[in-house]
Amino acid sequence: MRDEANRVGIFDTTLRDGEQSPGISLNKQEKLEIAHQLARLGVDVIEAGFPVTSPGDFGAVQAIAREVEGPVICGLARTAKQDIDAAWNAVQDSERPRIHTFIATSDIHIERKLQTTREDVKGQVRAAVAHAKQYTDDVEFSPEDGSRSDVDFMAEVIQIALDEGAITINVPDTVGYTMPHEYKATFEELYRLVPGLHDVVVSVHCHNDLGLAVANSFAGLQAGCRQVECAVNGIGERAGNASLEELVMLLHTRESSVGLWTGANTREIARTSRLVSRLTGYTVQPNKAIVGRNAFAHEAGIHQDGVLKDRTTYEIMDATTIGLDTNSIVLGKHSGRHALRKALEELGFEVEGAALNQAFKRFKEIADKKKRVTALDLEAIVSDEMQQSPAAYDLESFEVEASSSRGPLARVRVRLPGGGVGEGSFTGDGPVDAFFSAINAAVGHEARLKEYHVSAVTGGRDALGEVTVLLELDGRMASGVGVSTDILEASGKSYLRAISNALAESAAAEAEHHLSRAETERTPTP
Ligand code: KIV
Ligand code: ZN
């Protein structure tokens, strides 16, 4: 029998800390899809965003709060009243809303960043938690840069948060500086200095700057913490956050030694990882623990021989536990709309009406070229369609000429967001270079390619190709992903999506700038 006291709550921050990674820009539809998948994965809390930062973020958090059932839906807020009001307005329609408020407690942050005093920080925490508490009982407080804070001062601040009613206290290693034994000792000291911590949930939140995010999180759990903040594929600020799949599988695989467990459905891990990777444009490194494509591959002959005789000679986990190789869906060119809808439903996608018609059209195009359309193909098509937006550029047609005797030439026609078509033609160093330069000419922007990755969705010569690009436009990094049986078409789509994402981000930043200027002008100076 599992002991409830040893259950570790999974607080997923893919859509908040994860989305803060450079180049990631998820639209509302994409965030909703990820949130639905996180609910299927069985996370306990979804930190859906930082609502005060932009109307786009606010709208996405609100949509998730309204639609996604199961997990607590949380909005992040600094201690300012308008942050807390925005967080509450965004999450209030959830069945289980949470406000997460934070302020830095390290001297370096207080003096240099906030340019204030410890006393002021204490006052802000008191006011913020009390204000949030008027809206909901579920208030979480984080002393930012906790691992570099003076522990006595941090304890005082945490006591204030508890006095005002916070029911979760999260101590972040914001800059990924701590080490497992140090982080564990910090919690032991905090439990000693603030006995009230034994009556609430204490949480870990670790960044991966020194590659210790998972180890540090685990050390915190061993000190008594029962919530872990993490992100799918370990995405997040700088080197990222602790990886959700590593933590879940660590506790799952070593449960008999560690005694801690989570409510996550491990069989949804692989699918969640693929979805997040596709929609964020952050590819997963091949040797990444749990979800890298080599995580269950055996190269050395001795290993292969051992695994064939007994899988457990070299495998500590079974690939099916994380949902690899479990899906039997196979459709062919004679499969109809009904079969497609059923298959999509089985994969967790509820696709109806115009979206189903579009998915069916894409499916037929692919089934004409590929004998077997598998679950992996369907996932790729649906994620690809999800990225299609009327406010974005779209590839209408292209021609690329390449030969060994003369330089490549590309011609493109691009549908513009406001209507109309842009045309461009260009030569280049290679066909892809010429294609991207022609797109720049068609849309009138000088985007610069930074990274270009091609991969196959499944094995086989007729596999769908998936292209991920990272580009820079006017100083802003943005990524895009495109899927097609034609690798050039996938390249064009991914490039146009990245340009559209960069422009959307610039527009959002501009709107945010105007908003905060208007706010400053309205606020009377004391
Ligand atoms: O890393 C950090 O300190 C954070 C807080 C906002 C919790 O992300
Ligand atoms: Zn963080």
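None of the values given here were measured: they were computed from a predicted structure. Atoms within a ligand are numbered from 1 in the order they appear, just like the ligands themselves.
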J.: Run the numbers for me: atoms of ligand 1, each under 4.0 Å from some heavy atom of Glu144, listed by number.
T.: 3 (O)

J.: Using only heavy-atom distances, determine whether the side chains of His100 and Ser142 contain a donor-acceptor pair under 3.5 Å.
T.: yes

J.: With a 4.0 Å cut-off, would you call Arg238 and Asp209 a salt bridge?
T.: yes

J.: Strictly below 4.0 Å, N to O, side chains only: are Glu156 and Arg118 in salt-bridge contact?
T.: no

J.: Within a distance under 4.0 Å of any heavy atom of Asp17, pick out the atoms of ligand 1 and give their elements.
T.: 8 (O)

J.: To which protein heavy atom is atom 4 (C) of ligand 1 closest, and what is the distance rounded to 0.1 Å?
T.: His205 NE2, 3.5 Å

J.: Short question: side chain of Glu30, backbone of Asn27 - any donor-acceptor pair under 3.5 Å?
T.: yes

J.: Could you check whether any side-chain N or O of Asn208 sits under 3.5 Å from a backbone N or O of Leu212, counting only pairs where one atom can act as donor and the other as acceptor?
T.: yes

J.: Determine whether a donor-acceptor pair (N or O, by modelled atom type, separation under 3.5 Å) exists between the side chain of Asp145 and the backbone of Ser106.
T.: no

J.: Counting only N and O atoms by type, is there a donor-acceptor contact under 3.5 Å from the side chain of Thr253 to the main-chain atoms of Met249?
T.: yes

J.: Report yes if His100 has an N/O atom closer than 3.5 Å to an N/O atom of ligand 1; otherwise report no.
T.: no

J.: Give the numbers and elements of all ligand 1 atoms closer than 4.0 Å to a heavy atom of His207.
T.: 1 (O)

J.: Give yes if a backbone or side-chain nitrogen or oxygen of Thr174 is under 3.5 Å from a nitrogen or oxygen of ligand 1, and no if not.
T.: yes

J.: Flag Asp17 as yes if one of its N/O/S atoms falls below 2.8 Å of the Zn ion (ligand 2), otherwise no.
T.: yes

J.: Indicate yes or no: does an N/O atom of Ser142 lie under 3.5 Å from an N/O atom of ligand 1?
T.: no

J.: Counting heavy atoms only, which of Arg78, Arg16, Glu229, Glu47 is nearest atom 5 (C) of ligand 1?
T.: Arg16

